[in-house]
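Order of appearance sets the numbers: ligands from 1, and atoms from 1 within every ligand. None of the values given here were measured: they were computed from a predicted structure.
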Amino acid sequence: MNTREFKGKVALITGASRGIGRAIAIELARNGAAISINYNSDIKAAKETQKLVNEVGVKSTIIKANISKEMEVKKLIKNTEKKLGSIDLLVTNAGIALLSKKPLELNYRVWKETMATNVDGTLLPIKEVLPGMIKRKFGRIVCISSVAGLGMRPNMITYGTSKAAVIALVRNLSSAVAPYIRINSVAPGLIETDMIESLDKKARKNIIENTPLQRIGETQDIANTVCYLLSEKSDFTTGQTLVTDGGRVPLP
Ligand code: NAP
């Protein structure tokens, strides 16, 4: 997409310093939105995202906040609104994947950290932006889940459960916030980012061979799907999870 569809709109993207979040920030900027770039630890990467967003010629701001902490999320929303105005578009993208080496490795510390970042970190920004969106009778939300939330991956029990919770949250919230607010989820398959850097050559080859579209996804693939779900082109769609994985999802 390269329209001015989001001109005059303010977008907040959590975890926009790197990877998929950065691509979403740039794509929304290209389509005219002012961008709030949230990050947690990597200020250098967040500044690089801002540079790329500014090159497009829209307003932007960078805000540090750990999205699993309620008070930090409250400040993130408040500061975004102070700097750019009311939030119209929210993308909850920040997430972590701490994968187990052995199939049945259920580590409670990893579980708590994963749930805090991926589940609380999805709920908290939504909870904070909803009252304003309801008042203004306008809001578009997209939550980044994962195909791991839909499938059976023995080394992804914790991560997959956290992403299944995101999918269920979207589904259940959608009717509660309709008709003025739409909320959907994007479930990426494997996407080329820091998150998958530990995958070796053999695993990559195997994944590509088992992907009908014969490649690993790019961050732009996800940014395009997110943009569609935030745009008026998807005006009759809410509560859904749009899988963007090259066709691989039915495979175990
Ligand atoms: P990534 O390259 O590792 O980037 C993660 C981003 O999330 C960074 O901007 C990071 O900020 C931020 N983040 C992590 N914890 C945070 C916290 N507590 N508070 C605020 N920000 C936090 O990951 P990615 O691959 O782009 O993943 C983005 C989303 O897509 C995640 O939800 C992930 O689960 C999902 N996903 C990814 C894939 C894949 O194959 N890559 C597949 C399916 C789903 P800092 O830079 O400041 O650390």
Side-chain angles (χ1 to χ4, degrees), residues 12-27 35-50 52-53 62-77 80 90-99 110 112-125 142-151 153 155-156 158-167 169-170 185-199 203-204 207-208 211 215-223 225-226 241-246 248-249:
L12 166 62
I13 303 105
T14 67
S17 47
R18 296 182 278 123
I20 292 172
R22 175 185 283 176
I24 295 168
I26 296 166
E27 188 59 23
I35 306 292
S36 177
I37 299 156
N38 159 248
Y39 76 102
N40 185 36
S41 58
D42 197 340
I43 177 75
K44 203 169 152 224
K47 282 188 175 162
E48 179 60 20
T49 301
Q50 186 172 40
L52 295 165
V53 161
I62 300 180
I63 303 174
K64 176 176 164 64
N66 181 336
I67 35 94
S68 67
K69 308 265 187 239
E70 189 176 15
M71 292 320 289
E72 293 190 32
V73 173
K74 279 184 190 291
K75 277 191 201 154
L76 167 66
I77 305 303
T80 296
L90 169 68
V91 183
T92 65
N93 162 77
I96 53 169
L98 309 167
L99 305 186
V110 169
K112 283 197 286 191
E113 194 180 335
T114 304
M115 294 303 158
T117 308
N118 295 358
V119 185
D120 298 18
T122 300
L123 173 77
L124 292 172
V142 171
C143 303
I144 304 300
S145 56
S146 168
V147 290
L150 299 164
R153 305 279 199 283
N155 64 336
M156 290 194 187
T158 299
Y159 178 72
T161 304
S162 75
K163 293 300 189 178
V166 171
I167 291 166
L169 175 68
V170 165
S185 145
V186 175
L190 206 68
I191 306 297
E192 204 63 75
T193 70
D194 295 348
M195 196 174 264
I196 68 158
E197 68 186 358
S198 63
L199 268 190
R204 282 169 180 270
I207 286 162
I208 293 169
T211 301
R215 65 177 174 91
I216 288 177
E218 299 292 335
T219 55
Q220 187 63 41
D221 294 314
I222 304 307
T225 308
V226 169
T241 289
L242 186 38
V243 172
T244 304
D245 74 338
R248 185 170 169 252
V249 80

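Put simply, the side chain of Asn93 never gets that close to the backbone of Ile13: no donor and acceptor are under 3.5 Å apart. Within the 3.5 Å criterion, the main-chain N or O of Tyr159 finds no donor-acceptor partner in the side chain of Thr114. When atom types are taken as modelled, the side chain of Asn38 and the backbone of Ala65 share a donor-acceptor pair closer than 3.5 angstrom.
A heavy-atom separation below 4.0 Å is found between Ser145 and ligand 1. Within the 4.0 Å heavy-atom cutoff, Gly189 counts among the residues contacting ligand 1. Contact between Ser41 and ligand 1 is present, with at least one heavy atom of the residue lying under 4.0 Å from the ligand. Using a 4.0 Å heavy-atom cutoff, Ala65 is listed among the residues neighbouring ligand 1. Residue contact check for ligand 1: Ile196 places a non-hydrogen atom closer than 4.0 Å to it. Residue Arg22 places every heavy atom at 4.0 Å or more from ligand 1.
Atom 12 (C) of ligand 1 has as its closest protein heavy atom Gly15 CA, 3.6 Å. Of all protein heavy atoms, the one closest to atom 11 (O) of ligand 1 is Ser17 OG, 3.3 Å. Regarding atom 27 (O) of ligand 1, its nearest protein heavy-atom neighbour is Met195 CE, 3.8 Å. Considering only non-hydrogen protein atoms, atom 26 (O) of ligand 1 sits nearest to Ile20 N, 2.8 Å. Summary of contacts: the protein heavy atom closest to atom 40 (O) of ligand 1 is Ile191 N, 2.8 Å. Looking at atom 36 (N) of ligand 1, its nearest protein heavy atom turns out to be Tyr159 OH, 3.5 Å. Of the protein's non-hydrogen atoms, the one nearest atom 13 (N) of ligand 1 is Ala94 CB, 3.8 Å. Residue, atom and distance of the protein heavy atom nearest to atom 14 (C) of ligand 1 are Gly95 O, 3.9 Å.
Taking 4.5 Å as the limit, every side-chain heavy atom of Ile37 sits out of range of all side-chain heavy atoms of Ile63. At least one side-chain heavy atom of Leu169 sits less than 4.5 Å from a side-chain heavy atom of Leu123. By the 4.5 Å heavy-atom criterion applied to side chains, Thr92 and Ile144 are not counted as neighbours. Considering only heavy atoms from C-beta on, Val53 stays 4.5 Å or farther from Arg22 through its side chain. Annotation: side chain of Asp245 is not in contact with side chain of Leu190 (no heavy-atom distance under 4.5 Å).
Atom 3 (O) of ligand 1 has its nearest heavy-atom neighbour, among Arg18, Glu192, Lys163, Lys64, in Arg18. Between the choices Leu124, Asn93, Thr49, Ile144, the shortest heavy-atom distance to atom 31 (C) of ligand 1 belongs to Asn93.
Under a 4.0 Å criterion applied to the non-hydrogen atoms of Asn66, ligand 1 contributes the atoms 17 (C), 18 (N), 19 (N). Against a heavy-atom cut-off of under 4.0 Å, Leu190 is close to the following atoms of ligand 1: 40 (O). Atom numbering of ligand 1 starts at 1 in the shown order; those under 4.0 Å from a heavy atom of Gly19 are 2 (O), 26 (O). Ligand 1 places these atoms under 4.0 Å from at least one heavy atom of Thr117: 15 (N), 18 (N).
The stretch residues 185-197 participates, sequence neighbours left out, in these side-chain hydrogen bond (donor to acceptor under 3.5 Å, both in side chains) pairs: Arg18-Asp194, Ser145-Ser185, Ser185-Thr241, Glu192-Arg204.
Not a single salt bridge (Lys or Arg N to Asp or Glu O under 4.0 Å) links Glu72 to another residue, sequence neighbours left out.
Residue-level proximity to ligand 1 for Asn38 is carried by the side chain, the only part with a heavy atom below 4.0 angstrom. Contacts of Thr193 with ligand 1, taken as heavy-atom pairs under 4.0 Å, involve the side chain alone.
Comment: Asp42 does not engage Lys64 in a salt bridge, judged by the lack of any side-chain N to carboxylate O separation of less than 4.0 angstrom.
Residues Ala148 and Met156 come closest through the heavy atom pair CB-SD, 3.7 Å.
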